[in-house]
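Just so we're on the same page: letters track the sequence lines, and every chain starts at 1. Worth saying up front: this structure is predicted, and the values here are computed from it rather than measured.
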2 protein chains.
Amino acid sequence: MLEPFSLLPPNASRSIDMEDGDILFRQDQPTSGLYRVVTGCVTLQRSSLNGDKLTLHRAIADGLFAEASIFSDKYHCDAVCTVPGRVLKISKADVISTMRTNPGFSEGFTRLLAVQVQRYRAHIEMLAIGSAKERVIAAVQAGYFDATVTELATRINLTHESCYRAFKDLCEDGRMIRTGRGRYQLTT
Amino acid sequence: MLEPFSLLPPNASRSIDMEDGDILFRQDQPTSGLYRVVTGCVTLQRSSLNGDKLTLHRAIADGLFAEASIFSDKYHCDAVCTVPGRVLKISKADVISTMRTNPGFSEGFTRLLAVQVQRYRAHIEMLAIGSAKERVIAAVQAGYFDATVTELATRINLTHESCYRAFKDLCEDGRMIRTGRGRYQLTT
DNA sequence: AACATCATATGATCCAAATCATAAAACTTT
DNA sequence: AAAGTTTTATGATTTGGATCATATGATGTT
């Protein structure tokens, strides 16, 4: 995918190192930009009236967050660093002005969001699959199994134990084959 | 939310009645537009090499689908009617030309997608909540409980039985109150 | 080289949600 | 008014995934 943010002026983004617990923005603060995670993790959360926190998103490497801030006066949640690392802050003013002057950027940004919508929908359908085995199959078909079994498991709301067992059972069923330690692939 | 599609020329969309099993488009067909469901349900699915189908999305009343077709030459999945009803087909050519000539439309469309991304992320985090009771609480806080308990249950991947029991337990815990038959609301 | 950490892997046990069953109230439809 | 359907509701039972425990190979650090 073409990266629309490369079309922004060179000084539109700023690198920010973050420590555990650092707050990038708070709910109701005026919006100043969107972010891209380079390393680490940022958790977006909203505090309810009584005090308990609702996690809205956890952004990890290469993930954008607060895209909607471009269209809003205030951030609608808090952004807290939960794994130390680095983020790129992308200036709202620059995004807006570039959107108005550069149709390529505007279209690229819109496409990027459209593709994300597509992926999230597919992901939500995958999470609706009741059986661990079938969910693992769907996830592998969707190309989710690019790294470790543990990471795959977390992504599809399974424990790593259940995920290993699903792989094992699927191999016994002949629907997958073990190609090495922690390596499984679909048959057919 | 402002409805960007109201900015399209009057003849940009076309109403289509659909019966169960009707196919609105097939994978690899050239893209001609995106759709809005008026009534009924359209399932987007991709057929894998062996033959079994992977559901990517089920669009219901007021839901848009195939937004990414605007940026793609071919549909990347099949769209099949699974509950009879009616859809509005929105012409790709008109969307593209309006995006290029009307900044308000372009911005509105982008915002619409950004808000959807936001919602889907929050939804995915909600589905990661292990306990039925906590998931129900999060769903109610997010404003999901606007209709029936059964509908809420389906949205958050619970059976209606488990959802009723969660409500009951939460009332016993004093975290919710029953305000009538099938009516529950948060305390605090 | 020694040590720590992480991913892989599987066995044993537990438990919460699914499933199955039933029923009454509410609401459609005929 | 009767019949059918949907929603609400809860009890009994089952089961699949979570949890807990353990171990080994791989990787990374001092």
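- In this entry the distance linking CD1 of A:Ile129 with P of D:dG17 reads 12 Å, nearest Å.
- When heavy atoms are screened at a 4.0 angstrom cut-off, B:Asp169 is found touching no nucleic acid atom at all.
- Using a 4.0 Å heavy-atom distance criterion, B:Phe167 is classed as making no nucleic acid contact.
- Comparing A:Ser131 and B:Glu161, the nucleotide of DNA chain D nearest to each residue sits closer to the 5' end for B:Glu161.
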Taking it one step at a time, do B:His123 and B:Tyr144 satisfy ring-ring contact (aromatic ring centres under 6.0 Å, His included)? CA-CA 10 Å; B:His123 187 64; B:Tyr144 279 39; 5.5 Å; yes
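- Between B:Tyr164 and D:dA9, a side-chain N or O to OP1/OP2 separation shorter than 4.0 Å is absent.
- The side chain of B:Thr150 contributes an N or O atom lying less than 4.0 Å from OP1 or OP2 of D:dT8.
- When atom types are taken as modelled, the side chain of A:Thr98 and the backbone of A:Leu8 share no donor-acceptor pair closer than 3.5 angstrom.
- Per the geometry, CG belonging to B:Leu158 stands 16 Å off P belonging to D:dA9, to the nearest Å.
- One distance of note links CD1 of A:Ile90 with CG of A:Leu34; it measures 4.5 Å at 0.5 Å rounding.
- Legend: residues meeting salt bridge (charged side-chain N to carboxylate O under 4.0 Å, His left out) with B:Glu151, ordered by chain and number and at least two apart, are absent.
- In this structure a side-chain-to-backbone donor-acceptor pair under 3.5 Å is present from B:Asn157 to A:Leu127.
- Residue B:Thr159 is classed as a base contact, given a heavy-atom separation below 4.0 Å to a base.
- Note that B:Arg183 lies in the cation-pi zone of B:Phe145, set by a 6.0 Å cut-off to the ring centre and a 45° limit from the axis.
- The CD1-P distance, from A:Ile156 to D:dG16, rounds to 17 Å in whole Å.
- Bracketed by its first and final contacts, the part of DNA chain C lying under 4.0 Å from non-hydrogen atoms of chain A reaches from C:dA7 to C:dA12 in 5' to 3' order.
- Between the side chain of A:Arg165 and the base of D:dG16, no donor-acceptor pair under 3.5 Å is found.
- Salt bridge status for B:Asp78 with B:Lys53: absent, with no side-chain N to carboxylate O gap under 4.0 Å.
- In terms of position on DNA chain D, the residue among A:Arg181 and B:His160 whose nearest nucleotide sits closer to the 5' end is B:His160.
- One finds the OG1 atom of B:Thr110 at 7.0 Å from the CG atom of A:Leu113 (value rounded to the nearest 0.5 Å).
- Taking a cutoff of 4.0 Å between a charged side-chain nitrogen and a carboxylate oxygen, B:Arg165 and B:Glu172 do not qualify as a salt bridge.
- In the helix from C:dA1-D:dT30 to C:dT30-D:dA1, the terminal helix axes, each the rotation mapping four pairs' C1' atoms onto the next four within five end pairs, subtend 50°, rounded to 10°.
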